[in-house]
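Here the structure is laid out as structure tokens; the discussion comes afterwards.
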Amino acid sequence: MTEPSDRTAAAHPAEYDPAVIERKWQDRWDANGTNRTDLVGGVRPFYALMMFPYPSAEGLHVGNLFAFTGNDIYGRFQRLQGHTVFEPLGFDAFGIHSENFALKVGTHPADLIPRNIENFRRQLKQAGLMIDWTHELSTTDPAYYKWTQWLFLQLYKRGLAYKKRAAVNWCPNDKTVLANEQVIAGECERCGAKVEQRFLEQWFFRITDYAGRLLANLDWLDWSESTKLAQRNWIGRSDGAELTFRVQDLEDFAGTATIAQGPSGEFPAQPIDITVFTTRPDTIFGATYLVLAPEHPLVDALTIDEQREDVGAYKRNAAKQDIVTRKVNRDKTGVFTGSFAINPATGQPIPIWVADYVLMEYGTGAIMAVPGHDERDFEFAKAFDLPIVRVVAGADDGNAHAPLETAYIETANTRLVNSGEFSGLPVLEAKRQITGWLADRGHARPVVNYRLHDWCISRQRYWGPPIPVIYCDRCGTVPVPERDLPVELPYVEDFKPDDTGISPLARVESWYRVACPSCGGEARRETDVSDTFLDSAWYFLRYPSTDFADVPFDPVLTEKWLPVTSYIGGNEHAVLHLLYSRFVTMVLHDAGQVSFEEPYERFRAHGMIVREGAKMSKSRGNVVNPDEYIERWGADTFRTYLMYLGPYEEGGDFRDQSVVGVRRFLDRLWSSAFDSTTDGAPDQAVLRKLHQTIKKVSADIPALSYNTAIAAMMEYINVVRRGERTAHRDEVEPLVQLVSPFAPHLAEELWERLGHEGSIFDAGWPEFDPAMAAEDLITIAVQVNGKMRGTIQLPNGSGQEAALEAALAAPAIAKFVPAAPKKVIFVPGRLLNLVV
RNA sequence: GCCCGGAUGGCGAAACGGGUAGACGCGAGGGACUUAAAAUCCCUUUCCCGCAAGGGAGUCCCAGUUCGAGUCUGGGUCCGGGCACCA
């Protein structure tokens, strides 16, 4: 053994130098193809997917590395368990983010992205991830987006892609379309001008057709509960009814002006019905007015002459507001149309209003307002002095006629009041009966609504895959034939959005003008590009098949490797990305392209890491740059620290000061392994601890409880080294295996130095032996009246008798037990509680 | 406003279906080695009283269930994240 005084950084021959060994093993993995997956021949396939990053100019974010390392450890562990693990990575490189950055620094995204990707690849390799780089992909590669466009065509063919006019945010100063995130408090983030709504023809996917299935499958998916809950809320199922209200025939209603003429100048020949959606048909007796969204098609027909000016002004004003402000502003505004409808329950006429708190996109764009039992209706009724009627009261509430101070929205343990023959019924029962009663008279039908909207995939931008559609004056909308894919994105020097509000691609005449694939006549290309979320909605299908140029995904490989075995990612994608990829997979399933309808068997959301208690951000200047830490501590230490700083699924606090603790652990493991001996036999007590550690680490890794797995290994190395003893090789070698998913380079190096050939990742996992782990003597807590009074040691397996005897024999405990205990509670192996 | 998480030493955090609170790590204090420093190793480290033996209190607050509550139930406070007029 070396003298302690010789153990200085320079002098000790076995000093752990991560920079050297990490480089050595990264090169060797490359040379030997250690991380390459045998997709065709591999047995027990395990697809360990991580969310691919957007390759930003700033380089890899520590949050990316936190996510990837967690996935890598799980993947390496599965490999050690005998699976063939596929751990691919690619780049999500299209989108407004790169486009805006390129604009800002005056470069072109097509030049910027390859540089960024190169930097990312370098950083990822340095992090020691088990990535199979032979299946790398980028969404900006025509060989990739050819199939993104193909995917659009599959949806188009199935009637799931359609075009409609929809509102976009428009900056009148920059004369460009803005994403919702670019609108700050109703103003353009760049110039501060007030943002307006504009209507453009845009492409949508009918994801709402799949709302029911997307919701139902959540019941059996093995996903983080928080993610499933977020999806359920996003899909937002509500069970209710559509009710119809007949507009009052004004000739029967003396004293009011005649109903307005229609836009064509005719009086409406048919009686007008207004259909509303409600989840509370039980409250219909309290419906004291109706409200239509400003965009509702019946508004003009219902507006009487005297009100025409006011209603017109209100509609114009609503149209001018940007999409964000309209939803955020809660002040109730509205205008009376002058018309009335008949409440089918009470037979009374109720006024019809127009207000922007009713949204055209949801339900029928019209509501029956029940101010007594809906907060928004209550506020509106107060603002415009409309009648508020109470129709629900608490079951034991005697004062059913007291005026309401606020909307009473309780449904549990309540009953109807002021509701004719239905008064006295519990709300839930009333819902059923009133819907039935109204349905019999043709005024109601049960309806399920979802708050999920169809997916708008059009972007009036440059940096994305062109939507593969051609417009021909003679043939109309013609999809680009599959044989003509990809529709390549032309290199445009000036890709800045301009004042036309249409994509910069419209300015590239040579690209824009095209022969109609159907008739050969003059035609024009669609100039919008598709949403980045479409690129990422199917990338997991492409990875195994990146070698195939003529199909998006090879049927045999897809059948073998999908659905994804394990997907790990951030909960910021809980709804959009995860929902869109589920939708796309379901569509491909229905089209007979894949055999499964859910893309990810298991999904786990990791937590977020903050630094020194504060969220990392560029403006705070507290962003962790992985390069610096890897250079200073080594990738193995950095990886292990990231996994140690908190529970993986909750995230944690990155503290610079604490990294050293993990490095010390690896140093100790290194020197113990290096100095270990094969002389003599391993220590029995150490071996017992070893097997307890094997058990814990083997259980913690699949549960993603990485922090406690690392703590257990630290505890074990402390036992191995206690009293500066020299470790036996059989004591440390299994620990090298246990640590290998966390610190792969160090583990490979020690494995080699311990005399093994080949990668440690092909050498299996240490076996847990319960007999080896069992303790002969156990410690039991003794309580008196539930209060801790001491501990006793007993042979493992002792019963209550022996425990009681030992407890009473201990003076420190016995002094609290004056007489025979009234009751004895014994938990084997844990505790004895004496009640006196 | 609504929906999810959280709250445990000086700090990051442990604690299987209720059973010895604070594992593991950082920091701090003390010691060994060294001419010295760094590194390394050992000891102490929830708080209060006590020289000690020992005792008392303690997991955000207030109640409750239980032989026993960080863990379960009800009510409240604060912090973080998400969604936002969805009828």
Side-chain angles (χ1 to χ4, degrees), chain A residues 3-5 7-9 12 225-227 229-230 232-234 236 238 240 276-280 283 291 324 326-332 355-359 361-370 373-377 379-380 449-453 571-572 574-575 607-608 610 612-613 615 641 644-647 649-662 664-665 667-668 671 696 699 705 707-715 718 721-724 779-791 812 821-827 829-836:
Chain A
E3 289 298 313
S5 55
R7 298 190 54 184
T8 57
H12 197 280
E225 279 306 316
S226 60
T227 311
L229 191 69
R232 284 196 185 100
N233 291 341
W234 189 263
S238 47
V276 306
F277 174 75
T278 179
T279 55
R280 297 293 306 276
T283 61
V291 188
V324 180
R326 165 150 173 202
K327 295 197 173 192
V328 166
N329 183 6
R330 275 159 187 277
D331 295 338
K332 294 290 178 289
D356 68 359
Y357 81 95
V358 173
L359 307 174
E361 314 91 82
Y362 189 74
T364 61
I367 61 154
M368 67 173 198
V370 185
H373 307 287
D374 181 279
E375 286 176 19
R376 299 148 301 182
D377 298 343
E379 282 174 34
F380 191 81
N449 253 313
Y450 297 94
R451 59 183 303 171
L452 184 67
H453 292 6
N571 234 355
E572 69 272 18
V575 281
M608 202 180 66
V610 298
E612 315 282 339
K615 195 174 173 175
Y641 177 64
Y644 183 63
L645 54 72
E649 291 178 81
E650 286 167 37
D653 194 356
F654 189 103
R655 303 217 158 223
D656 288 34
Q657 220 178 26
S658 302
V659 184
V660 68
V662 168
R664 285 181 190 145
F665 162 62
D667 278 333
R668 277 180 237 189
S671 54
K696 177 140 181 71
S705 186
N707 56 333
T708 54
I710 295 164
M713 290 188 282
M714 287 174 165
E715 229 178 295
N718 292 344
R721 293 168 64 85
R722 184 167 293 154
E724 291 203 51
T779 306
I780 283 185
V782 182
Q783 301 181 338
V784 178
N785 291 336
K787 223 170 162 53
M788 265 298 294
R789 293 301 179 186
T791 58
K822 281 194 282 230
K823 191 172 172 188
V824 178
I825 290 123
F826 179 68
V827 183
R830 285 222 173 255
L831 149 146
L832 181 74
N833 188 11
L834 308 175
V835 185
V836 296

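On a predicted model such as this, the values are computed, not experimentally measured, just so you know. Every chain is numbered from 1, with letters handed out A, B, ... down the list of sequences.
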C1' atom, G30(B) versus C79(B): distance in rounded Å?
-> 38 Å

Scanning all shown strands, the Watson-Crick or wobble mate of C2(B) with both distances under 3.5 Å is G82(B)

Backbone of Y362(A) reached by a side-chain donor or acceptor of R451(A) within 3.5 Å | no

Around atom CD of E375(A), are there more than 12 heavy atoms of other residues, nucleotides or ligands at under 6.0 Å?
-> no

Please determine, for A7(B), whether a Watson-Crick or G-U wobble partner exists with both distances under 3.5 Å, and give it or none.
-> U77(B)

Ignoring backbone atoms, establish whether R664(A) has a side-chain N or O less than 4.0 Å from OP1 or OP2 of U40(B).
-> yes

Return the 5'-most residue of the pair A366(A), G661(A) with respect to RNA chain B, ranking by each residue's nearest nucleotide.
-> G661(A)

Just name whichever nucleotide pairs with A57(B), Watson-Crick or G-U, keeping both distances under 3.5 Å, else none.
-> U46(B)

K787(A) NZ to G55(B) P, in whole Å, measures 10 Å

Complementary nucleotide of A69(B), counting Watson-Crick and G-U pairs under 3.5 Å | none

Nucleotide paired to A21(B) in any strand shown, Watson-Crick or G-U, under 3.5 Å = none

Whole-Å gap separating C1' (C85(B)) and NE2 (H373(A)) = 19 Å

Length of the line joining I825(A):CD1 and C67(B):C1', which is rounded to integer Å | 3 Å

Nearest to the side chain of T279(A) - U20(B), A87(B), C11(B)?
-> A87(B)

Could you check how far CD of E361(A) sits from C1' of A84(B), rounded to whole Å?
-> 13 Å

Between G81(B) and C85(B) - C1' atom distance, rounded Å | 22 Å

Here the distance between atom P of C85(B) and atom CD1 of I367(A), to the nearest Å, is 14 Å

Closest to the side chain of N833(A), out of C85(B), G68(B), U40(B), is G68(B)

Check step by step if ring pair (Phe, Tyr, Trp, His ring centres under 6.0 Å) holds for Y644(A) and F665(A).
-> CA-CA 12 Å; Y644(A) 183 63; F665(A) 162 62; 8.6 Å; no

Specify the separation, in whole Å, of atom CH2 of W234(A) and atom P of G82(B).
-> 13 Å

Base-pairing mate for A39(B) - Watson-Crick or G-U, with both contacts under 3.5 Å = none

Ignoring backbone atoms, establish whether N449(A) has a side-chain N or O less than 4.0 Å from OP1 or OP2 of A87(B).
-> no

Considering only the C1' atoms, how many Å lie between G70(B) and A13(B), rounded to the nearest integer?
-> 14 Å

Quick one: closest heavy-atom pair of I780(A) and L832(A), and the distance?
-> CG2-N, 3.9 Å

Syn or anti for G25(B), please, going by whether the chi angle lies within 90° of 0.
-> anti

Report, as a single string ordered 5' to 3', how protein heavy atoms within less than 4.0 Å touch nucleotides 43-54 of chain B: B base, S sugar-phosphate only, - not at all.
-> -----------S

Mind calculating the distance between NZ (K696(A)) and C1' (A14(B)) to the nearest angstrom?
-> 9 Å

Rounded to whole Å, the NZ-C1' distance (K823(A) to C67(B)) equals 5 Å

Gap in Å between the two P atoms, one belonging to U45(B) and one to A38(B), rounded = 24 Å

So, for Y641(A) and D653(A), which heavy atoms are closest and what is the spacing to 0.1 Å?
-> OH-O, 3.7 Å

C41(B) phosphate, OP1 or OP2, under 4.0 Å from R721(A) side-chain N/O = yes

Does C51(B) have a Watson-Crick or wobble mate here (both distances under 3.5 Å), and if so which one?
-> none

Looking only at side-chain N and O atoms, does R668(A) come under 4.0 Å of OP1 or OP2 in C24(B)?
-> no

R451(A) side chain N/O closer than 4.0 Å to the phosphate oxygens (OP1, OP2) of C85(B)?
-> no

Rounded to whole angstrom, note down the P distance from A69(B) over to A57(B).
-> 13 Å

Between U20(B), C67(B), C26(B), which nucleotide has the shortest distance from any of its atoms to the side chain of V660(A)?
-> C26(B)

